[in-house]
Structure formats: structure tokens, C-alpha cells
Amino acid sequence: MGRSPVTVRAPAKVNLALAVGPRRPDGYHDLATVFHALSLYEEVVATTAEDVVVTVEGPGADLVPLDDDNLAVRAARALAEYAGVDARVHLHLRKGVPVAGGMAGGSADAAASLVACDALWHTGLGRAELQTLAGRLGSDVPFALHGGTAVATGRGERLTPALVSGTYHWVVAVPDGGLSTPEVYGELDRMREGDSAGAEADGPVVPPRLLAALRAGDAEALGSTLANDLQDAACRLRPGLRDTLEAGRDLGALGAVVSGSGPSCVFLARDGDHALDLALGLAAAEVCRDVQHATGPAPGARVVA
Ligand code: C5P
């Protein structure tokens with residue numbers, strides 16, 4: 001029965017602030033973070049098939065698993081089980097987000113897969129049910145579904161929309177190779193051993209000045225408050241990231257920060273023209289493999305065709 005293919009887009013994310021609490025008994029860390037969706041998208045085309053099959057195209061496609069390690073596959077299976085239908089889908093992933101770059105490309109695939117399978121199989125789940133399934137799949141999946149800008153707590157799955165004025169222009173510098181998220185968290189734990197300041201008694205918090213800057217649409221103030229507790233850990237594992245961040249600051253970026261667990265670095269520009277200048281400067285400085293211009297906030301996972 002030839003159901004029409006469903007195409008869904010889901011955005012990359014950066015963490016404008018990422019405060020990390022101590023390691024919990026379950027191995028995760030409590031976070032207080034501000035997620036911001038960028039206009040770099042994963043596209044998932046879902047068509048009916050005999051089983052769950054996945055194919056991948058785009059930069060870094062050879063690094064993406066094609067079995068149940070693929071988060072999009074797990075999302076399809078989780079949705080089928082929850083809704084009580086057979087998991088029959090071919091998911092074709094078009095990568096627009098750097099693979100293993102700290103920008104949640106795999107989580108965007110999972111969010112897109114949930115929305116695409118829900119439409120393809122006519123399971124008609126509500127947004128709240130999809131958010132719950134997303135939270136079980138990974139810490140960043142609920143935000144890829146949600147999009148926009150949001151404050152997140154817990155592992156990153158508890159979201160509250162943030163008030164934002166205007167559009168921000170970002171330049172993303174993508175270094176060669178990826179970083180493993182658990183390794184970066186592990187490095188942070190090692191750095192904090194014997195350092196009581198790392199384990200704040202009150203738990204991690206988002207800087208109020210950053211939220212005020214977003215509300216006011218003040219790019220300069222936002223740039224000066226970008227913060228990431230994982231940045232030093234990522235830089236210890238990949239010392240070259242310090243040069244990348246420095247190069248962007250020297251070129252006049254309003255702010256420079258490692259995205260999530262890295263290694264992608266993001267730079268805030270004054271406007272679109274400034275972003276193009278920054279992108280050209282970073283490419284010429286040869287401090288990364290690829291440079292991209294993106295705007296935020298971008299919408300969450302949604303059907304585009
Ligand atoms: O939830 P997700 O599968 O994306 O997390 C990947 C890994 O990142 C976890 O296994 C854990 O090592 C680390 N992590 C963490 N605390 C979080 C989110 C992720 O320690 N809040």
C-alpha cells in the first residue's frame with residue numbers, strides 16, 4: 001500500500017550556557033542549560049518498507065551507524081512499540097549537522113524520525129507523547145523536537161521555552177574528527193576531583209544575565225555571557241580548539257564558545273554581513289575543516305513535505 005513519503009527537518013543545537021552539576025549515581029550529570037536551535041538541519045525521508053532500514057547521505061555519512069546504534073532507528077522502534085504498530089520504515093537521513101560535533105545531529109535524526117513515523121504510520125500521537133518518547137531516547141532529543149530557545153534542566157530533557165527577541169547570526173567552525181560526549185564528561189569529572197567548587201551545593205544554574213540579554217535581543221550582551229562548563233574538558237582533549245576560539249575572538253566575534261561537548265565551536269556575529277566576514281576569516285585562518293553560517297532560533301522537528 002503505497003503511502004506517500006514523509007520528509008521531516010530537525011535543527012542543530014548549541015548550548016548558549018551549559019552549567020554541569022556533579023556526576024549522579026546513574027552516570028549522568030544534572031544540567032542547567034540554554035538550548036538554541038540553529039538553521040542547520042537534518043532531513044529525514046520516511047517511506048514504507050518491510051522492516052526498519054536506514055540509509056545516509058551527506059558529509060560524515062560514513063561515520064553514521066546503520067544498525068540499532070542509530071538513534072533514528074531506535075526512535076522508529078520505540079514509536080512502533082508505544083503505538084502498537086509494526087516498525088516498517090525506510091529512513092533516509094540527509095546530514096546537514098556535523099557528525100559527532102556537539103550539535104546534536106543524531107538527536108535531530110531521532111526527533112525527525114519520531115515525527116516522520118508518526119505521520120507515515122498515522123499513529124497520531126500528541127506532542128506531549130512524542131516529547132516523552134524523545135526523553136527516553138537521549139538527553140538532547142526533546143529539544144530537537146521542541147526547537148526555538150529553551151532552558152533545560154535534569155539531564156537536559158526538562159524544557160521551558162525562553163523569551164527571545166530577534167534573530168542571531170552564528171558562525172560554526174567544524175574541526176576535523178569528533179569528540180565522544182561521555183569522554184568529555186569524564187574529563188570534566190577528573191578535572192573536578194578534589195575540587196569542591198565543582199560540585200556547587202545549590203546545583204547548576206543558568207546565568208540570569210544571559211536570559212536578560214536574550215529577552216532584550218542584545219547580541220553584544222549575549223556574546224559576553226556565553227558559557228560552557230564542558231569547554232575546558234573539550235579543550236584538554238583537543239588542545240587545537242583553543243586556537244579556533246582565539247581566532248574567532250581576534251576576528252571580532254561578539255562571543256566564542258565550544259558547542260556542547262564539542263568539538264564544533266560557535267561564534268556570535270553582529271549581523272549577517274559580519275557573520276560572512278567572520279566565516280571568511282576563520283576559513284582563511286585554517287583553524288577548522290569547515291565553516292558554516294547559521295541563524296537562530298530555528299523551529300523544531302516538523303514535516304516539510
Ligand atoms: O543522553 P545521551 O545518550 O545523549 O548522553 C550521552 C552520554 O553523555 C551519557 O552516556 C553520559 O555519559 C553523558 N551525559 C551526562 N549527563 C547529561 C547528558 C549526557 O553525563 N546530562
Side-chain angles (χ1 to χ4, degrees), residues 10-21 23 28-42 60 63 71 95-111 134-135 137-159 162 168 170-175 177-189 191 204 206-207 210 225-238 241-242 244-245 248 255-268 288 290 292 294 296-298 300:
K13 63 87 186 167
V14 293
N15 302 79
L16 304 180
L18 176 52
V20 181
R23 190 175 183 276
Y28 282 92
H29 298 71
D30 274 323
L31 307 178
T33 188
V34 180
F35 283 126
H36 182 69
L38 292 190
S39 62
L40 301 178
Y41 297 100
E42 295 287 279
L63 302 170
L71 217 46
K95 305 295 299 177
V97 180
V99 175
M103 302 190 73
S107 300
D109 293 338
L137 290 162
S139 308
D140 294 338
V141 185
F143 179 70
L145 205 53
H146 186 280
T149 306
V151 175
T153 55
R155 282 186 297 128
E157 83 285 13
R158 271 188 253 139
L159 301 174
Y168 298 91
W170 299 91
V171 175
V172 180
V174 188
L179 269 173
S180 144
T181 301
E183 278 177 31
V184 177
Y185 274 100
E187 184 66 21
L188 176 67
D189 292 339
M191 288 165 63
V206 161
L210 186 139
T225 44
L226 299 173
N228 179 358
D229 279 356
L230 291 178
Q231 180 159 304
D232 282 348
C235 288
R236 272 166 70 127
L237 295 171
R238 293 282 295 273
L241 294 183
R242 295 189 203 282
T244 309
L245 292 168
V257 75
V258 167
S259 176
S261 58
S264 299
C265 296
V266 294
F267 302 91
L268 182 58
C288 49
D290 191 19
Q292 307 207 20

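The figures here come from the full heavy-atom set of this structure, side chains too, leaving out hydrogens, waters and symmetry mates.
Using a 4.5 Å heavy-atom threshold, the side chains of V141 and S107 count as touching. No side-chain heavy atom of S261 sits under 4.5 Å from any side-chain heavy atom of L179.
In this structure R238 satisfies the side chain to side chain donor-acceptor pair (under 3.5 Å) test with no other residue, sequence neighbours excluded. Applying the side-chain contact (heavy atoms from CB on, under 4.5 Å) criterion to A152, with sequence neighbours excluded, gives T33, F35, L159. Not a single side chain to side chain donor-acceptor pair (under 3.5 Å) links T244 to another residue, sequence neighbours left out. By the side-chain contact (heavy atoms from CB on, under 4.5 Å) test, A32 pairs with A19, P204, V206, sequence neighbours left out. Residues that satisfy the side chain to side chain donor-acceptor pair (under 3.5 Å) test with T153, not counting sequence neighbours, are absent from this structure. Checked against salt bridge (Lys or Arg N to Asp or Glu O under 4.0 Å), R158 has no partners two or more places apart in sequence or in another chain. For E157, there are no salt bridge (Lys or Arg N to Asp or Glu O under 4.0 Å) partners at least two apart in sequence or on another chain. Applying the ring pair (Phe, Tyr, Trp, His ring centres under 6.0 Å) rule to F267 yields no partners; only residues at least two apart in sequence or on another chain are considered. For S259, the side-chain contact (heavy atoms from CB on, under 4.5 Å) partners two or more places apart in sequence, or in a different chain, are V14, M103, S264, V266. Looking at residues two or more places apart in sequence or on another chain, you find no salt bridge (Lys or Arg N to Asp or Glu O under 4.0 Å) involving D232. Residues meeting the ring pair (Phe, Tyr, Trp, His ring centres under 6.0 Å) test with H146, sequence neighbours left out: none. For T225, the side chain to side chain donor-acceptor pair (under 3.5 Å) criterion is met by no residue, not counting sequence neighbours.
The backbone N or O of V20 lies less than 3.5 Å from a partner atom in the side chain of D229, making a donor-acceptor pair. For N228 (side chain) and V258 (main-chain N/O), a donor-acceptor pair under 3.5 Å exists by modelled atom type. With hydrogens and angles disregarded, no donor-acceptor distance shorter than 3.5 Å links the side chain of E42 to the backbone of A10.
Heavy-atom minimum distance, A108 versus P11: CB-O, 3.5 Å. A pairwise comparison of heavy atoms in A100 and P263 identifies O-CD, 3.3 Å as the closest pair. Across every non-hydrogen atom of L230 and G260, the tightest pair is CB-O, 3.7 Å. Closest heavy-atom contact between G296 and W170: N-CD1, 4.0 Å. In plain terms, the two heavy atoms of A294 and L40 that are nearest each other are CB-CG, 4.0 Å. Taking all atoms of both residues into account, the shortest heavy-atom contact from F143 to G148 is CZ-O, 3.3 Å.
The OG atom of S39 sits 9.5 Å away from the CD atom of Q292 when rounded to the nearest 0.5 Å. The CG atom of L31 lies 4.5 Å from the OH atom of Y185; values are rounded to the nearest 0.5 Å. A distance of 11.5 Å separates CD of Q231 from CG of N15, quoted to the nearest 0.5 Å. We find the CG-CG distance between L226 and L268 to be 6.5 Å, quoted to the nearest 0.5 Å. Summarising the geometry, atom CG belonging to L188 is positioned 11.5 Å from atom CZ belonging to R23; distances are rounded to the nearest 0.5 Å.
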Could you walk me through whether K95 and D109 pass the side-chain contact (heavy atoms from CB on, under 4.5 Å) check?
CA-CA 9 Å; K95 305 295 299 177; D109 293 338; 2.9 Å; yes
